[in-house]
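Take a look at the structure below.
These numbers come from the heavy atoms of this one structure, side chains and all, not from hydrogens, waters or symmetry mates. In the text below, chain A, chain B and the rest are named by the order of the sequence lines, each starting its count at 1.
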Amino acid sequence: MNEAQIGTALLAWYDGHARRLPWRVPPAERRAGVLPDPYRVWLSEVMLQQTTVAAVTGYFHRFTARWPTVEALAAAEDADVMAEWAGLGYYARARNLLKCARTVTDLGGFPDKAEGLRALPGIGAYTSAAVAAIAFDRAEPVVDGNVERVMARLYDIHTPLPAAKPELTARAAALTPDKRPGDHAQAVMDLGATICTPRSPACGICPLRAPCAARAAGTQGALPKKTPKKAKPLRLGTAYVARREDGAWLLETRPASGLLGGMLGFPGTDWSEAPQPAPPLSADWRPLGAEARHTFTHFHLALQIETAVLPMEAQPARGTWVARHAFRPASLPTVMRKVHDLAQAAFTDCKWMLPQD
DNA sequence: AAGGCGTGGAG
DNA sequence: TCTCCAAGCCT
């Protein structure tokens with residue numbers, strides 16, 4: 001099979017097996033000339049960076065319900081967008097999402113070619129190609145983790161990632177058709193997500209089993225090869241959870257860059273091998289029996305938790321008091337929500353000290 | 001250019 | 001429990 005025939009087989013398979021996704025226009029409609037809203041394509045693509053469809057779906061619905069257009073999103077408060085993103089991870093995406101929405105609004109709309117999209121914050125090689133292909137039907141090579149895996153197997157490429165990336169991109173580009181490039185891009189990704197999966201690919205029902213070189217060689221289970229990752233060190237820290245007598249919580253907005261940048265959290269020590277105590281104010285701090293354990297991209301964290309109840313006149317050196325009914329734990333990043341859940345259980349036993357919900 | 005940057009689910 | 005990994009980007 002040559003490249004044109006592979007592309008045809010892929011599109012035929014996609015016409016019958018495309019996943020139905022909230023941000024997608026199905027192939028039958030696209031063939032009739034209907035293209036999706038670039039705002040929804042862009043929003044979904046940013047959310048899907050290193051993130052599963054299952055995790056994204058709820059966030060996508062909440063974002064589009066609250067901010068139906070890029071102009072609406074551009075007008076949002078930073079803190080509202082960060083709170084709505086809480087729990088999805090990689091928070092630089094949310095910061096760049098707002099910057100990008102404001103730039104696009106100033107431009108009067110999304111650029112309709114990959115080059116213009118690529119210049120926007122949070123839009124790299126993959127996302128620019130994906131939005132250009134899916135929202136504007138531009139013939140751009142769309143190369144994500146799925147495409148890398150499909151190409152590595154289809155052509156039995158044993159060079160480990162990321163060194164293999166240029167070769168895999170070249171293969172994907174050679175396969176990209178001039179007709180229906182948006183559906184083609186989504187077809188390769190759907191194939192990777194549903195058939196050509198990382199573990200135990202379903203070669204028996206794959207539309208590309210005939211031309212697949214790895215299938216012929218029996219190497220599909222070992223591809224793509226990847227260079228081994230470094231081990232994650234363990235870091236330690238302490239979070240301070242203070243309640244005021246009226247039930248208010250002491251919270252702070254983290255610095256705008258770096259880990260959990262711009263997100264809400266409890267004041268605490270740094271996270272390191274030997275953190276120094278750093279209570280946000282002087283109080284009768286009580287250690288909580290349990291610790292919060294969490295794993296980030298590049299380290300494990302074991303977080304001690306100290307709790308205290310403060311009088312109304314207490315003036316913290318760090319953070320601000322957030323009224324009991326104004327505080328939504330869902331607006332915290334996951335590690336902080338774990339701290340909250342553990343501390344909340346302890347405060348529930350303080351019926352004589354705090355108002356209860 | 002290698003490392004920082006989250007999270008939840010699967011095996 | 002632990003490792004891997006999912007539609008990457010930025011510096």
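Residues meeting the salt bridge (Lys or Arg N to Asp or Glu O under 4.0 Å) test with Glu252(A), sequence neighbours left out: Arg318(A). Checked against side-chain hydrogen bond (donor to acceptor under 3.5 Å, both in side chains), Thr169(A) has no partners two or more places apart in sequence or in another chain. Taking the side chain to side chain contact (heavy atoms under 4.5 Å, CB included) definition, one finds that Pro329(A) meets it with Phe327(A), His340(A), sequence neighbours left out. Residues passing the side chain to side chain contact (heavy atoms under 4.5 Å, CB included) test with Leu301(A) are Arg235(A), Trp271(A), Phe296(A), Phe299(A), Leu303(A), Val335(A), sequence neighbours excluded. Every side-chain hydrogen bond (donor to acceptor under 3.5 Å, both in side chains) that Asp78(A) has, sequence neighbours left out, goes to Arg102(A). In this view, Arg118(A) satisfies the salt bridge (Lys or Arg N to Asp or Glu O under 4.0 Å) rule with no residue, not counting sequence neighbours. Residues meeting the salt bridge (Lys or Arg N to Asp or Glu O under 4.0 Å) test with Asp284(A), sequence neighbours left out: Arg286(A). Judged as a salt bridge (Lys or Arg N to Asp or Glu O under 4.0 Å), and not counting sequence neighbours, the contacts of Asp183(A) are Arg30(A), Arg180(A).
Counting side-chain heavy-atom gaps under 4.5 Å among Ile, Leu, Val, Met, Phe, Trp and Tyr, the cluster of Leu310(A) also holds Tyr240(A), Leu250(A), Leu281(A), Trp285(A), Trp321(A).
Within residues 221-232 of chain A, no residue has any heavy atom closer than 4.0 Å to DNA chain B. The stretch residues 252-262 of chain A touches DNA chain B through Gly258(A), Leu259(A), Leu260(A), each having a heavy atom under 4.0 angstrom from the strand. Taken residue by residue, residues 41-71 of chain A places heavy atoms nearer than 4.0 Å to DNA chain B at Gln50(A), Thr51(A).
Note on Thr334(A): only backbone sugar-phosphate atoms sit closer than 4.0 angstrom, heavy atoms only; bases stay farther off. Residue Gly87(A) is in sugar-phosphate contact alone, with no base atom involved, counting any heavy-atom pair closer than 4.0 Å across all strands shown. Within the 4.0 angstrom heavy-atom criterion, base atoms lie near Leu21(A). Using a 4.0 Å heavy-atom cutoff across all strands shown, Pro162(A) reaches no nucleic acid atom at all. In this structure, Arg19(A) reaches the bases: a heavy-atom distance under 4.0 Å links it to at least one base atom across the strands shown. At a threshold of 4.0 angstrom between heavy atoms, the contacts of Arg293(A) with the nucleic acid are absent.
What separates OH of Tyr126(A) from C1' of dC9(C) is a distance of 13 Å, to the nearest Å. In this structure, Leu301(A) places its CG atom 16 Å from C1' of dG4(B), rounding to the nearest Å. Whole-Å rounding puts the Asn96(A) CG to dT11(C) P distance at 8 Å. Rounded to an integer number of Å, the gap from CG of Leu88(A) to C1' of dG8(C) is 13 Å. dG4(B) atom P lies 14 Å from atom NE2 of His300(A), rounded to whole Å. One interatomic measurement links the two molecules: NZ of Lys99(A) to P of dC10(C), which rounds to 9 Å at whole-angstrom precision. If you measure from atom CD1 of Ile123(A) to atom C1' of dC10(C), you get 14 Å, rounded to the nearest angstrom. Atom OH in Tyr90(A) sits roughly 10 Å away from atom P in dT7(B) (whole-Å rounding).
Regarding contacts with the backbone of dC5(B), a side-chain N or O of His298(A) is found under 4.0 angstrom from either OP1 or OP2. Between Arg337(A) and the phosphate of dG8(B), there is a side-chain N or O to OP1/OP2 separation shorter than 4.0 Å. Arg95(A) has no side-chain polar atom (N or O) that falls below the 4.0 Å cut-off from OP1 or OP2 of dC9(C). A sub-4.0 Å separation between OP1 or OP2 of dT7(B) and a side-chain N or O of His294(A) is present.
Straight-line distance between the P atoms of dT11(C) and dG6(B): roughly 14 Å, to the nearest whole Å. If you take atom C1' in dA6(C) and the same atom in dC5(B), they sit 15 Å apart, rounded to whole Å.
With Arg149(A) contributing its side chain and Cys196(A) its backbone, the two residues share a donor-acceptor pair below 3.5 Å.
In the displayed structure, Asp106(A) atom CG is contacted under 6.0 Å by more than 12 heavy atoms of other residues, nucleotides or ligands. Surrounding CD of Glu29(A) are more than 12 heavy atoms belonging to other residues, nucleotides or ligands, all under 6.0 Å away.
Side-chain atoms of Thr238(A) and Glu306(A) form no donor-acceptor pair, as typed in the model, at a separation below 3.5 Å.
Nearest-nucleotide positions on DNA chain B place Thr295(A) closer to the 5' end than the other of Thr295(A) and Ser200(A). A residue-by-residue look at Arg199(A) and Asp144(A) shows that Arg199(A) has its nearest nucleotide of DNA chain C further toward the 5' end.
Considering only side-chain atoms of Thr127(A), the nucleotide from dC4(C), dG8(C), dT7(B) that sits closest is dG8(C).
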